[in-house]
Structures are given as structure tokens and as C-alpha cells.
Amino acid sequence: MTKTRLSARLFTRLGIAGTLLAGALVVTLAPAAQSVEASLSAATSSSWQTNASVQGIAVADGKAYAGGRFTSVRPPGAAAGTGEVGQAYLAAFDASTGALVTEFNPVLNGQVYAVAASADGSRIFVGGDFTTVNGQTRNRIAAFDTATGTLVANWKPSVSYRVKSIAVSGTTVYFGGSFGLVNNLTRDRLAAVTTDTGTLLPWAPSVNGDVYAVDAADDASKVYAGGQFSTVNGTNQNTVTSLDPITGAVLPFPGASAVPPPNGSCTTRVKTIDASGDTVYFGNGGDGGGCFDGTWAVDIATNTLKWKNQCLGATEAVKVVNGWLYKGSHAHDCANQGAGGFPQGFGYRFLLSEKLTDGTLGPWFPNTDADPNSVTNVGPLAFATGGNDLWVGGDFLNVNGTGQQGLTHFTNAAPGAAPAKPAKLLPYSVQPGVVQIHFPTVVDNDDSTLTYRLLKGFSNTTIATWTAKSTPWDRPWLHYTDTDVTPGEVTNYRVEVTDGSTTIRGNYSDPLTVASSASTAYDQIVNADGPQAYWRLGEAAGTTTSVDSSGQSNNGTFTGVTLGGAGAIAGNTSATISSSSGRMVGEKAYSMPQQFTVEAWVKQSGFNRGGRIIGFGNSKTTNSGGGGDRMLYMRTNGSIVFGVNDGSQRTLTSPSGKNDGQWHHVAGTYDNGTMKLYVDGVLSGSALVGSASVYYGWWRVGYDLTNSWPGGGATQTGMGIDEAAVYPYALTPAQVQSHYSAR
């Protein structure tokens, strides 16, 4: 009967449960993985593109209307300057095919910021900086008939300055911007007119700063506005307000407390609003480090806060589509204050989804970039939906790594994005009749939960099945021990992954001969346990690159290290820290390991000597801020310390005297809050702590700052380090003991 090393704790972390059936591990998750777990595919649908920013979009009468700074449009896939069709500031595209609607070719003399549609789709309303449309006077706002594409002749309010946002509610068009007059009557940055004739309504809230966004509740009970203002109707309103839709009076809005007040280091503003059903959703952009850039949701009936997500990176657009909140931003830190995602340093994610219930990130991971030569240089700026799709406009040049400027389109059409190809497996057999297999999960850009099958031999017989969750910033590993093998047998393995619609198979592993006797080779025993990186540190003197022996291609770079010293393991040399900051840093970065093992052999001599052995840090080339964490170090008295930062420095400390000039095996394991320290194969301490700090960093061998850690700061010169390894899970006591005993 087959067995597994997929621990109960790993099952818990992945939200999976396992059973043994007919010799194979079968793992299930409810609900099962399915194609397009989000309500939209992450694969783009074909659409034309623009030569500059799109700032407003609306979908009506089977067409997507885009307005912005652009002066021409071109077909999908066409490089800039190729196939350009002159069409300035406003264009229409077939909502199904994305093709240019050539019959709609209005001529505007200024850019468009806002586009909105009437409820029945018969009209679109556009706002911006223009003063003429088709040669006729239209001061900053205009209406078009969607059936004919013609300018509505009797709809012509005259606005004194920029219109930035438009919302249509029933028979009323609400709009906001930078203006002070409409039809020569005072309207301080907010106004309302009728949908049919554009008659100016008495609705006239007085706002003391520009309005960036406006929307009305679906039930027409409230109007919401956001922007760069601090008072409305003479009352303090910090960048957002809730208004009576008839009188314009300011309504009680306790949920607005989600927006922090401006101070010397932070000024944040509401930049986008989407009212949907019983909830209104807001997105903020802030100036200043760590300033609120996230999203928040408010119950429309009570105006009380439902949730707040504090991702950093200004949010420019939000839109509800089929049960998810889609977000356009240049998010760069979604671990900020528990936002539930990737940390600073992982990179920019310009497109994300969030759960409507709590704002946590959803399983949708397409991406754009931002045009560095644009005026805004922030990526997505505007969203619109026809009900089952999402049109995205902005200042980007690429979508999902492919050239697509200014405009793109996502639908809910199957099969959606495909999972990435699984890695080629590296199975090991170091015990008779036993094969160990460890491999990382992959990412699917619209499914975070995927099903994996382990296939054996060229017959591709399924011997294990898992369902596991992964994201671009968190890819847990899966583990399997195959005992349904015969000593001396030659076999191979591969992994296939499916999202319920598309199945992708990895390459076959190299042929493996099952062990007939127990291996005593240290490196084979370590590799059989699936390290994420394994630096034997046995390179010749003068070498600058440390080879990763795990097969995971995480080579490192030596600085201030002398190579070629006698090693802890017979037949292999070691590295000696020969300068005050000697170290080796792996070239691959990781975002948030919450399961790991750090392991090495260490030799240090002399009173008051110790130093950092191996750990995690937020710098690849210099000292880590705070010295990093997830580390093993030696105190001046020769005790070994394992340290993890969960908001406080949590440490386990061994007995002293390990700076005795002898080689000692040290290992620290952490499994979602449970930390353990082993010295020379024996458990030296354990503790239950909080989640390890979430940041983007590198595994490092040798020096880093330990001064701020208990007993840290020892002189490190002369420390020998050998056989350093990092694992993506917590080794068991038996595994740690086997490594120590293999010396």
C-alpha cells in the first residue's frame, strides 16, 4: 500500500484533506477546482487599441465607448504606428469582437475624461475638456444617440471647466469635475441635468475642491462623490461625501472614517466609486509613503463601513462584475496591514479582484504595465462592463506581456487562462523500495485552486491526486512517498495539472533506479527530502558562484568568503567567513515563506565569536533592514539561536559552547507558527508564535545584521559553514536526525 509524507499540517494550510484509496493518495477540496474560478477569464479578448491613455469607458447598445487622450486607434496586435486610424479622444468598439465601429467618428477638440450610459443604453454622455463636437459648441459635456451615433442636438449644458466624472441615475445625469458654473449659474464642481434635454436641475452641492468620481446608488437613494476636497456645503467632508439625490444635502456617512485625514506625510483621495446592489465600493490613491491607497465598502442603507483593504499602490478604478470587485491600480504591497496578498518588492499588480464580502484578494491575476511616457503613468484608469465582461482603459502598453496599448477586454468565456506547466520532477530513492518526490505548485491566472495528478511510468498511471491553492506570490510544495516500487526497478514520474478545463503535463523525470540498499551519501539524503535550495559550499578557492545542488536553480554569489576549507562532510570542502561581512546570497527572491526549514553545518572557534549562519533578508546585495529573520545565528557564548519575527523577535536558544572549533549540525523549522530548533540532531526547543513577517527577500548564508537580536552581534570572522539548505516545509525530527547521522 502506498504512503504519503503530505503532513496533516500541510493539508490544513492548503485547505485539503487526504485519504488512501487503492494504493494512491486521493486529496479532495470543496469546492473542486474549476475553470475560471473568478467570474472573468484572465485571458484577454481581442480588441482594438489606442495610441494614448483611455480615461473613461461605458458599454451600451452592443458597443464599448472609450474616451481619453488618444488621437488614433489601431487593430489588435499592431505595433504603434502600424494600421493607425485617426480618431481623436472618443471611439466606439464592437462589444463582442472589439473591432472599431467605423460609423461612429465624432470630432472633438479636446480630451475626454468620463463616459457614462443611460440605463436603457440609448444614449452615452461624455465629459472632458472639449468645447466643440462635430463643429458644434459643446462645453465639456455632450450626449450621443447610440443607435445612430449622432450628437444629440437639444442636449447641451454649458460647463465652465473640466468634467471629470459622470453618473446616470434614472432621468438624471450627475457630473463632477473642476468647474464653477453650469449654464452661467453657480455649480461648485457638482451638478445635475436631465437625461432627455439636459435641463439644469437645482441640485447644487458646493464642493471646495475637484471631484474625481461620482456615482448614484442603484435604488437612487444616495449620490456619492469623491475627490480632492475637504468641505461640502460648508461641512467637513474628507475627500468623500454622501448626498441627497434631490436636495444635494450632505447625509450622515460614518463609513467615511475609512479615509484617514490628511497629515504632513499622507494625503489620500477617493478616485473611483462603484455603487452596486446594497453596497458602494470606493478606491483611494494617496501621496506619501504608506498612505492609504486601498479599497473600502459601505452599506448603502446605513452608510456604515463593511470592510477596508489597505493594499498600497493607488487605486484608479473599481467595478463589480458577477460577484467580484475588480480593481485597477498599481498595487505594490498587498501585505500592508493584513491586506491578504503579496509584499513590497514582489512587483506591481495592475489588475486584481477582491471578494465582495471582505475585500480579500481573489483568484484573478492578469496584468498590465504603465506607459512611462504617459501623463499619468499608473496603468489602468477606467473600467466598464456590459454585465459579463470587463473593459479596461488606461495608459498601459502591454497586457499579459503582449503589446496592447490603452484598451483591453476580459470576458467570462471558457476555458480561461491555462495553468503553467509543472516543473520536471526530481525524484530520489535513498531507501530500499522507497521513492521520494517533492515539487512546487504552479499558477493559473484565473484559478487559485488547481488539481494535480502524479503520474508514474510511461503508462502515465495516476498514483496520487491533490487539490491545492497557489497564487503568483505563494506557491506551496506538494510531497509524496512512493513505496509501491521494487528495489532495482527503473521508473520515472511526471505531474499534470488541471483547472477543470485545461490539463497541462510536465516533462518526464529522468529514469530513476529504485535503491536496493540504504544510501549513506549526505547530498543524496538531503536532496531526497526536497530542498528549495541546497548550497554545498564546496566550490574551489577563488570561485564567485555557489551552485544550488537542489536542482531548483537558485545559485548564489560569494562575497568576503574563503573557499576550500576542510568540510563537515567527507569529500566536500566548506566556506569560511573571511571578512566582517562575508556571505553568500541566493539569486532567487521569495515573498512570504510561512513553512520552511533552514539547515547548515557550522564551526566557530574562540571566546566572543559567533555570527549569523543562514537566514532570510530583504536585501540581495547589502545588509538587511533589521537583520532579517527566519535565521540561525551563534551568540558569543556559543549557543545557537533560531529567530523568527512575528511582529516581535521570537527566539529559541540552545545550550552554550558550540564555538568549540567542532562542526555542529543546526536546523530551524517553522510551520505556520510552530518553531523548533535542533542542534546535532536533537530538539533544543520549540514554541508556538504568530505568523512570520511577510516581506520579499532572499535566503542568505553567512553575515547579516544580528545586533538588534538577543545576544546578537558576535564577531563572525573565521566561522566555517557547510552544506547549507532551505526547505519549503518543516522537516520532521526523523529527517533532521537522518541528516545529522549521515555525516
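Numbers here simply count residues along the sequence, with the first being 1.
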Roughly how far apart are [X] [atom1] and [Y] [atom2], rounded to 0.5 Å?
| X | Y | atom1 | atom2 | result |
| --- | --- | --- | --- | --- |
| D293 | R269 | CG | CZ | 10.5 Å |
| I273 | K319 | CD1 | NZ | 11.0 Å |
| Y224 | L243 | OH | CG | 9.5 Å |
| S448 | L361 | OG | CG | 11.0 Å |
| T471 | F346 | OG1 | CZ | 7.0 Å |
| D389 | H409 | CG | NE2 | 3.5 Å |

Could you give me the CA-CA distance, side-chain angles and deciding distance for D474 and S591, then say whether side chain to side chain donor-acceptor pair (under 3.5 Å) is met?
CA-CA 7 Å; D474 187 14; S591 61; over 6 Å; no
Between V126 and I141, is the side-chain contact (heavy atoms from CB on, under 4.5 Å) condition met? List the steps.
CA-CA 6 Å; V126 301; I141 196 165; over 6 Å; no
When you measure from the side chain of [X] to the backbone N and O of [Y], does any donor-acceptor pair fall under 3.5 Å?
| X | Y | answer |
| --- | --- | --- |
| D61 | S122 | no |
| Y174 | P245 | yes |
| S39 | W324 | no |
| S165 | V214 | yes |
| D646 | G690 | yes |
| D369 | N398 | yes |
| D447 | P419 | no |
| T231 | T235 | no |
| N309 | A339 | yes |
| Q55 | V112 | yes |

Looking only at heavy atoms, what is the nearest atom pair of [X] and [Y], with distance?
| X | Y | answer |
| --- | --- | --- |
| A275 | I300 | CB-CD1, 4.4 Å |
| W391 | A64 | CE2-CB, 3.5 Å |
| P254 | S257 | O-OG, 3.0 Å |
| D446 | A42 | OD2-N, 2.8 Å |
| L381 | V378 | CD2-CG2, 3.4 Å |

Can you confirm whether more than 12 heavy atoms, excluding those of Y696, are under 6.0 Å from its OH atom?
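Yes, because the 6.0 Å sphere around OH of Y696 holds more than 12 heavy atoms from other groups.
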Do [X] and [Y] get their side chains close enough for a donor-acceptor pair, meaning under 3.5 Å?
| X | Y | result |
| --- | --- | --- |
| N377 | D395 | no |
| D499 | S501 | no |
| T146 | Y65 | no |
| S118 | D120 | yes |
| S178 | D210 | yes |
| D129 | Y89 | no |
| N672 | Q594 | no |
| E354 | T295 | yes |

Decide side chain to side chain donor-acceptor pair (under 3.5 Å) for T402 and N400; before the verdict, give the C-alpha distance in whole Å, the side-chain angles of both, and the deciding distance to 0.1 Å.
CA-CA 6 Å; T402 300; N400 291 339; over 6 Å; no
Before you tell me yes or no, could you show the steps for R123 and V168 under side-chain contact (heavy atoms from CB on, under 4.5 Å), namely the whole-Å CA-CA distance, both residues' side-chain angles and the distance that decides it to 0.1 Å?
CA-CA 10 Å; R123 287 186 179 182; V168 184; over 6 Å; no
Parallel, tilted or perpendicular, judged at 30° and 60°: which one describes the rings of W307 and Y281?
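Correct class here is tilted.
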Return the orientation label for the W364 and F410 ring planes: parallel under 30°, perpendicular over 60°, tilted otherwise.
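Answer is perpendicular, since the angle exceeds 60°.
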Please test F616 against Y590 for ring-ring contact (aromatic ring centres under 6.0 Å, His included), starting from the C-alpha separation and ending with a verdict.
CA-CA 9 Å; F616 196 61; Y590 302 89; 7.3 Å; no
K308 charged N/C atom sitting above F292 aromatic ring, 6.0 Å / 45°:
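Cation-pi check for K308 and F292: passes.
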Does any non-hydrogen side-chain atom of V223 lie less than 4.5 Å from one of W203?
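Yes; the side chains approach each other to less than 4.5 Å.
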Using a strict 4.0 Å threshold on nitrogen-to-oxygen distance, state whether K306 and D278 make a salt bridge.
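Looking at D278 together with K306, the answer is yes, because their closest N to O distance falls below 4.0 Å.
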As a quick check of understanding, evaluate side chain to side chain donor-acceptor pair (under 3.5 Å) for D274 and S276, giving each step before the final call.
CA-CA 6 Å; D274 186 36; S276 178; 5.1 Å; no
Residue pair V163, Y113: steps toward the side-chain contact (heavy atoms from CB on, under 4.5 Å) verdict:
CA-CA 7 Å; V163 171; Y113 276 91; over 6 Å; no
Show your reasoning for whether side-chain contact (heavy atoms from CB on, under 4.5 Å) applies to Q404 and S47.
CA-CA 9 Å; Q404 178 72 24; S47 69; 3.4 Å; yes
Please report the C-alpha distance between Y212 and T239 in whole Å, then the side-chain angles of each, then the deciding distance to 0.1 Å, and finally whether the side chain to side chain donor-acceptor pair (under 3.5 Å) criterion is met.
CA-CA 10 Å; Y212 296 160; T239 193; over 6 Å; no
